[in-house]
Amino acid sequence: MLNSLTRNHIPKNHPRAHSLKIRSKLSDFYDSGIVSQYGLIAQGRGEAFDYILGETTPKISLKTINVATAHLLLSSSVISVNGNSAALCAKDIIKLSKLTNSKIEINLFHKSKIRASKISQLLKKHGAKEVYGLNKKYLTKIPGLKSNRKYIDKRGIFSSDVIFVPLEDGDRTEFLKKMNKTVITVDLNPLSRTSMMSDVSIVDNLVRVLPEMIKQSNTMSNLSDSDLQKLIKKFNNKKQLNSILRYMSKRLIDLYT
Ligand code: PTJ
């Protein structure tokens with residue numbers, strides 16, 4: 001209630017109005033039990049990096065988004081959802097999953113049955129038919145991973161080739177790679193363990209990435225499998241990460257001088 005009031009009182013011409021609205025939205029979803037308290041901290045961490053990016057999608061990231069979309073269109077894929085990604089982008093997650101025929105699975109770091117069920121309800125409200133990761137009967141573990149992210153669904157992440165991980169920092173990517181998965185991540189921090197370990201690291205804000213992936217999925221749906229494969233083959237993630245780091249460093253210097 002208080003948060004909705006705050007949102008209504010953000011002046012339209014406030015220089016940080018958009019960012020404040022997103023903060024307020026996340027705070028509302030914290031109140032309703034979708035986002036964990038740590039999710040609010042993660043948002044602040046992301047904001048700092050987004051500030052350096054200039055709060056727009058750099059051209060470099062557009063290319064990475066293109067390759068990520070090619071992967072989703074080409075292979076059996078799952079979109080992994082946590083509290084923050086559900087709160088920020090539930091509608092777009094469903095749209096993208098439909099366009100790319102990807103499954104949706106809830107995977108939480110701060111594990112909570114109630115929160116998982118609320119996230120599932122939110123996703124279903126936006127049109128998700130099936131949400132994996134909730135039914136204990138189908139859960140198995142990522143070998144070697146200690147955190148709660150180890151629980152994965154046999155029908156979802158366990159049996160899919162490409163795992164799309166929006167917004168997390170941790171060791172899951174490394175262990176998914178040990179399972180021979182192709183991992184696509186979205187993380188504003190190019191130096192996070194997740195960004196460093198994944199096959200396709202999108203360094204950008206999830207709220208901009210998903211609409212772009214939806215747009216690209218529509219335009220790329222006519223491409224043949226071999227065209228999609230060519231895009232993937234040409235891509236070098238390490239080079240992309242270096243370019244984005246250089247881009248961010250230059251922005252910092254330009255802002256200073
Ligand atoms: O819902 P749960 O329990 O699974 O918890 C989810 C969070 C996000 C709280 C959990 O995964 C966590 O603690 O994440 P970290 O370690 O804080 O990492 C979050 C990463 O996401 C950081 O590197 C942030 O820079 C980045 N980030 C935050 N917001 C965004 C983002 N990246 C892209 N888009 C964003 N909007």
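Counting starts at 1 for both ligands and their atoms, in listed order.
Relative to atom 15 (P) of ligand 1, the option among Glu47, Arg149, Arg45 with the closest non-hydrogen atom is Arg45. The option with the heavy atom closest to atom 20 (C) of ligand 1, from among Asn189, Val209, Leu191, Asp187, is Asp187. Of the candidates Gln43, Gln37, Glu168, Arg115, Arg115 brings a heavy atom nearest to atom 3 (O) of ligand 1. Proximity annotation for atom 30 (C) of ligand 1: of Asn84, Ile41, Leu167, Leu167 comes nearest, heavy atoms only.
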task: Any chance you could lay out the salt bridge (charged side-chain N to carboxylate O under 4.0 Å, His left out) test for Arg149 and Asp171, step after step, and finish with the verdict?
output: CA-CA 9 Å; Arg149 290 194 183 113; Asp171 48 8; 5.1 Å; no
task: List the steps and the verdict of salt bridge (charged side-chain N to carboxylate O under 4.0 Å, His left out) for Asp169 and Arg45.
output: CA-CA 11 Å; Asp169 178 13; Arg45 220 172 143 197; 2.9 Å; yes
query: Given Ser120 and Ile106, is the side chain to side chain contact (heavy atoms under 4.5 Å, CB included) satisfied, shown in steps?
result: CA-CA 8 Å; Ser120 172; Ile106 296 175; 3.8 Å; yes
task: Assess whether side chain to side chain donor-acceptor pair (under 3.5 Å) is satisfied between Arg208 and Ser61, documenting all intermediate values.
output: CA-CA 11 Å; Arg208 294 189 297 268; Ser61 299; over 6 Å; no
task: Evaluate the side chain to side chain donor-acceptor pair (under 3.5 Å) criterion for residues Thr69 and Asn66: first the C-alpha distance (whole Å), next the side-chain angles of each, then the deciding distance (0.1 Å), finally the verdict.
output: CA-CA 5 Å; Thr69 311; Asn66 188 248; 5.9 Å; no
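Heavy-atom separations between Val207 and ligand 1 are all 4.0 Å or longer. Under a 4.0 angstrom heavy-atom cut-off, Gly170 registers as lying outside contact with ligand 1.
Counting only heavy atoms of the protein, atom 28 (C) of ligand 1 lies nearest to Ala42 O, 3.1 Å. For atom 14 (O) of ligand 1, the closest non-hydrogen atom on the protein side is Asp169 N, 4.1 Å. Atom 6 (C) of ligand 1 has its closest protein heavy atom at Asn82 ND2, 3.6 Å.
A continuous path of hydrophobic side-chain contacts links Phe164 to Ile94 [ILVMFWY only; heavy atoms under 4.5 Å].
Here the straight-line distance linking atom CD of Glu47 with atom CG of Leu20 works out to 8.0 Å at 0.5 Å rounding.
Backbone and side-chain nitrogen or oxygen atoms of Ser36 are examined, and none is located within less than 3.5 angstrom of a nitrogen or oxygen of ligand 1. On a distance-only criterion, Asn205 and ligand 1 share at least one N/O pair closer than 3.5 Å. Considering backbone and side-chain N/O of Phe109, one or more are found under 3.5 Å from N/O of ligand 1. Of the polar atoms of Leu188, at least one N or O is found under 3.5 Å from an N or O of ligand 1, judged by distance alone. Remark: ligand 1 and Gly83 share an N or O pair separated by less than 3.5 Å (distance only, no angle test). At under 3.5 Å, not a single nitrogen or oxygen of Leu108, backbone or side chain, sits near a nitrogen or oxygen of ligand 1.
Considering all non-hydrogen atoms of both residues, Ile79 and Ile93 come closest at CD1-O, 3.9 Å.
Contacts between Asp50 and ligand 1, counted as non-hydrogen atom pairs separated by less than 4.0 Å, are absent for every part of the residue.
Counting Ile, Leu, Val, Met, Phe, Trp and Tyr side chains that sit under 4.5 Å apart, directly or through other members, Ile142 shares a hydrophobic cluster with Val78, Leu145, Ile152, Ile157, Phe158, Ile163, Val165, Phe175, Leu176, Met179, Val183.
Counting non-hydrogen atoms of neighbouring residues, nucleotides and ligands closer than 6.0 angstrom, the CG atom of Leu255 exceeds 12 such neighbours.
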